[in-house]
Amino acid sequence: MNVLTQARMATATPQTINLTDFIDEFGDELLDSLNRSNPPVYTGTADDTRQLVMDNLKRKPFPAQADVVQAIAALLLDRNEQAGIINAEMGTGKTMMAIAVAAVMHAAGYRRSLVISPPHLVYKWRREILETIPDARVWVLNGPDTLVKLLRLRDQLGLPYDGRQEFFILGRVRMRMGFHWKLACWKKRAAGGQLLAACPDCGQILQDLEGNLVTLEEFSRGDRRQSCSNCHSALWSLMRPGKADAGDRRTTILKSMCRIPTIGPVRAERLLLDFGEDFIASMLVDNVSEFVNLMDAKGNFVFSDRQAKRMERAMANIEFGFGQGGYQPTEFIKRYLPDGFFDLLIVDEGHEYKNSGSAQGQAMGVLAAKARKTVLLTGTLMGGYADDLFYLLFRILTQRMIEDGYRPNARGSMAPAAMSFMRDHGVLKDIYTERDGDSHKTAKGKKLTVRTVKAPGFGPKGIHRFVLPFTVFLKLKDIGGDVLPSYTEEFVDVPMAPEQLSAYQNLASKLTAELRQALARRDTTLLGVVLNVLLAWPDCCFRPEIVKHPRTRELLAFVPTIFGDEELMPKEQALVDLCLQEKANGRKVLAYTVYSGTRDTTSRLKRVIEQAGLKVAVLRASVDTARREDWILEQVDRGIDVLITNPELVKTGLDLLDFPTIAFLQTGYNVYTLQQAARRSCRIGQKHPVRVVFFGYAGSSQITCLQLMAKKIAVAQSTSGDVPESGLDSLNQDGDSVEMALARQLIAA
């Protein structure tokens, strides 16, 4: 190297380039290098046999969806991997793709598919399966007769196969639910009139560990299920919760029939007299269509066309059961059905099973271990932290995780493995705190403490090892053509009224000062209280606000009512203007508010919008999950202009195509909920442009919360096939949660 070259290098300015620009510039070369070192499972060349299966379906997948199905089939069948993940954006048709995967797998010898579904989507799954796969047999394992159906399944083991594809749809709440039982024994009278407990099967008198005979009274005080030491028969029996004298079979059938629209007690009695209990019960349980099209002795339909239409829609979401008791389905499958009985496990909304100690997560892991293959469906694979993925991956890719050394310790705990996974692939912050301690004789003492907290982020090595080899990504824009409408998001910065702003600033200064003093004493009790009040008060200032210390009950702040019943708050006025504008354009509005419980704002919003001349409905949690889709359709038929609800109630699965405009009055902290709820109407079948509007009060904590949520979403997108505009820096945010980041900004202000 000569002197001139050295001088040029010394004076050259370093070049900085945005990561996105770098990929745009050198993306082709990087992709070629990656494909050479890691050949893709599916290169885009379709398997003709699998494509023929999809072409023979009643509903054919779009080309982009068919590519996803081909890729998953290649992963599970050609590579013989344990599981695959479909990480598809909300509205791309994950249900349709999973059904097509099951059809392709069926052609390869995979007979039975078990679907784990959110409870309100069980019947939507059944409907879509029957609309897609010719001659499919669908079992709904979500009602009181789940045990009866599972016992019937076990009895069919070894019977010849008729070639029809079978689907079993299990609601995730029913999957993890326990069961009600009671101790059962045979009463045996001994000398002196004493009653002893004996086995009902073999008659052996029961004995305790010391060999003493067990009396009936001692046996009935037991709180654990037991079995006979002689014949190993169960000494307990299933029971239905509630009153023991709930009624006979006829009464149960009558009550079930009265749940159906257009059928009252008188008509139900007449139907039972005309057709008999057994015939009616068999149709309600197994053949709803036959019941709707019931004919009398003269060959005339019992129900009119209008009645039949209402009944069919309602009965699609009703489960009839006349059994004697329930049993946890997961436990039954684990104990009494052989491994591989279910060939394919389809896990809908897979990110719901990521928590370490959740009952439904553990139940899903049991079912994944029993099935031959697993397909996980999600639109939000990761919420920002590496441990969001650890337990989910361990449950569906157990072998791969154990190969990498992530296994339970000697006590069966997964916590050390989860921490190791976080250190290898996530972001952990070690926080060192040094304090002056008591003085020693010769020197001042200092106390050093170390605290480790997690931060958002997932490293490239983890993505390469655990995400890319098993995940197929699909975005709405990939479907192309005229399948989906345009989608736009906009933010409306709403100025507060002068009196409202002044009261908010006084409230914020008081609470922030109290919070600083508490944190200085290492007391975090006030953290949640202060954040919740500052976020909620601008939307709830139509009632007085009293803030008390959660532990001492000391009064921290009081703010009187700012707006009366007839006065519109600025955000309410903005929402009314939006609704009127959309009504003029022939569009319905879906309005989200997270304050639908203690700080209920839904009733006031309904009254305010109705005063503007619009029809409004409020979806509350009291509407049963299985009925929500049908309930919303009824409101649309009634001609509503605005639907108000909490985003948690509709965030998964529901197709709200009638509401092309969505307004968020608040967002909350949950990244999953925000991303899911924003896509409720931008789905396949939508014909109108979708508009999503976020409202926030200027100068309030709501704006800071929205900014932080945007950052967390950028982190989450790094495992969804997107590279955030801010590059890899977004994988190392300082905040360890939205709440904590919001608190830090509040204290620093």
Side-chain angles (χ1 to χ4, degrees), residues 384-385 427-440 444-456 496-562 594-595 597-599 601 666-670 696-709 711-712 733-749:
Y385 304 98
V427 179
L428 288 173
K429 296 189 302 181
D430 293 327
I431 300 174
Y432 294 85
T433 306
E434 186 178 273
R435 290 190 188 85
D436 292 334
D438 297 334
S439 298
H440 300 288
K444 288 185 177 181
K446 290 187 179 294
K447 185 177 181 181
L448 183 69
T449 59
V450 183
R451 181 167 57 95
T452 301
V453 298
K454 64 180 182 178
M496 285 196 234
E499 187 179 0
Q500 182 186 16
L501 178 60
S502 174
Y504 175 81
Q505 290 174 341
N506 290 334
L507 178 66
S509 63
K510 285 182 183 178
L511 294 182
T512 304
E514 294 283 351
L515 181 60
R516 283 199 186 99
Q517 293 177 12
L519 292 178
R521 300 190 299 269
R522 298 185 64 79
D523 179 6
T524 58
T525 310
L526 281 180
L527 192 58
V529 174
V530 171
L531 292 180
N532 288 331
V533 169
L534 293 184
L535 281 173
W537 182 84
D539 289 309
C540 304
C541 53
F542 55 86
R543 61 167 67 98
E545 185 74 33
I546 302 173
V547 186
K548 292 185 177 181
H549 195 288
R551 192 174 60 250
T552 65
R553 310 309 298 169
E554 174 191 357
L555 181 66
L556 300 179
F558 172 77
V559 185
T561 301
I562 304 296
V594 299
Y595 303 122
T598 306
R599 296 177 174 272
T601 59
Q666 310 91 25
T667 61
Y669 298 131
N670 195 313
Y697 275 119
S700 74
S701 297
Q702 293 180 358
I703 304 299
T704 309
C705 182
L706 283 168
Q707 293 169 344
L708 292 169
M709 287 291 286
K711 291 181 180 179
K712 301 303 175 190
Q733 299 293 336
D734 291 334
D736 50 355
S737 69
V738 174
E739 297 94 322
M740 290 304 299
L742 190 57
R744 285 194 181 91
Q745 295 201 19
L746 184 66
I747 296 299

Between Leu511 and Leu507, is the side-chain contact (heavy atoms from CB on, under 4.5 Å) condition met? List the steps.
CA-CA 6 Å; Leu511 294 182; Leu507 178 66; 3.8 Å; yes

Audit row: Thr667, Val594, side-chain contact (heavy atoms from CB on, under 4.5 Å) steps and yes/no
CA-CA 7 Å; Thr667 61; Val594 299; over 6 Å; no

As a quick check of understanding, evaluate side-chain contact (heavy atoms from CB on, under 4.5 Å) for Leu556 and Val533, giving each step before the final call.
CA-CA 12 Å; Leu556 300 179; Val533 169; over 6 Å; no

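Among all heavy-atom pairs drawn from Leu534 and Ser701, the shortest one is CB-OG, 3.9 Å. The two residues Thr525 and His549 come nearest to each other via the heavy atoms CG2-CE1, 4.1 Å. Summarising the geometry of Val559 relative to Ala503, their closest heavy-atom pair is CG1-CB, 4.1 Å, with the distance given to 0.1 Å. Contact detail for Glu545 and Arg599: the closest heavy-atom pair is OE2-NH2, 2.9 Å. Minimum interatomic distance between Gln500 and Pro538 (heavy atoms only, all atoms of both residues): NE2-O, 3.1 Å.
Note that CE of Met496 and CD of Gln505 are 7.5 Å apart. Values are rounded to the nearest 0.5 Å. If you take NZ on Lys548 and CG on Leu555, they are separated by 7.0 Å, rounding to the nearest 0.5 Å. Going from atom CG of Leu535 over to atom OG of Ser700 covers 7.5 Å, rounded to the nearest 0.5 Å. Taken from CH2 in Trp537 to CG in Asp539, the straight-line distance is 10.5 Å, to the nearest 0.5 Å.
The salt bridge (charged side-chain N to carboxylate O under 4.0 Å, His left out) test applied to Arg553 returns no partner, not counting sequence neighbours. With sequence neighbours excluded, the residues forming a side-chain contact (heavy atoms from CB on, under 4.5 Å) with Gln517 are Glu514, Arg521, listed by chain and number. For the side-chain hydrogen bond (donor to acceptor under 3.5 Å, both in side chains) test, residues two or more places apart in sequence or in another chain that qualify with Thr601 are Thr593.
For the pair Ser509 (side chain) and Asn506 (backbone), a donor-acceptor distance under 3.5 Å is present.
Using a 4.5 Å heavy-atom threshold, the side chains of Tyr504 and Ile562 count as separate.
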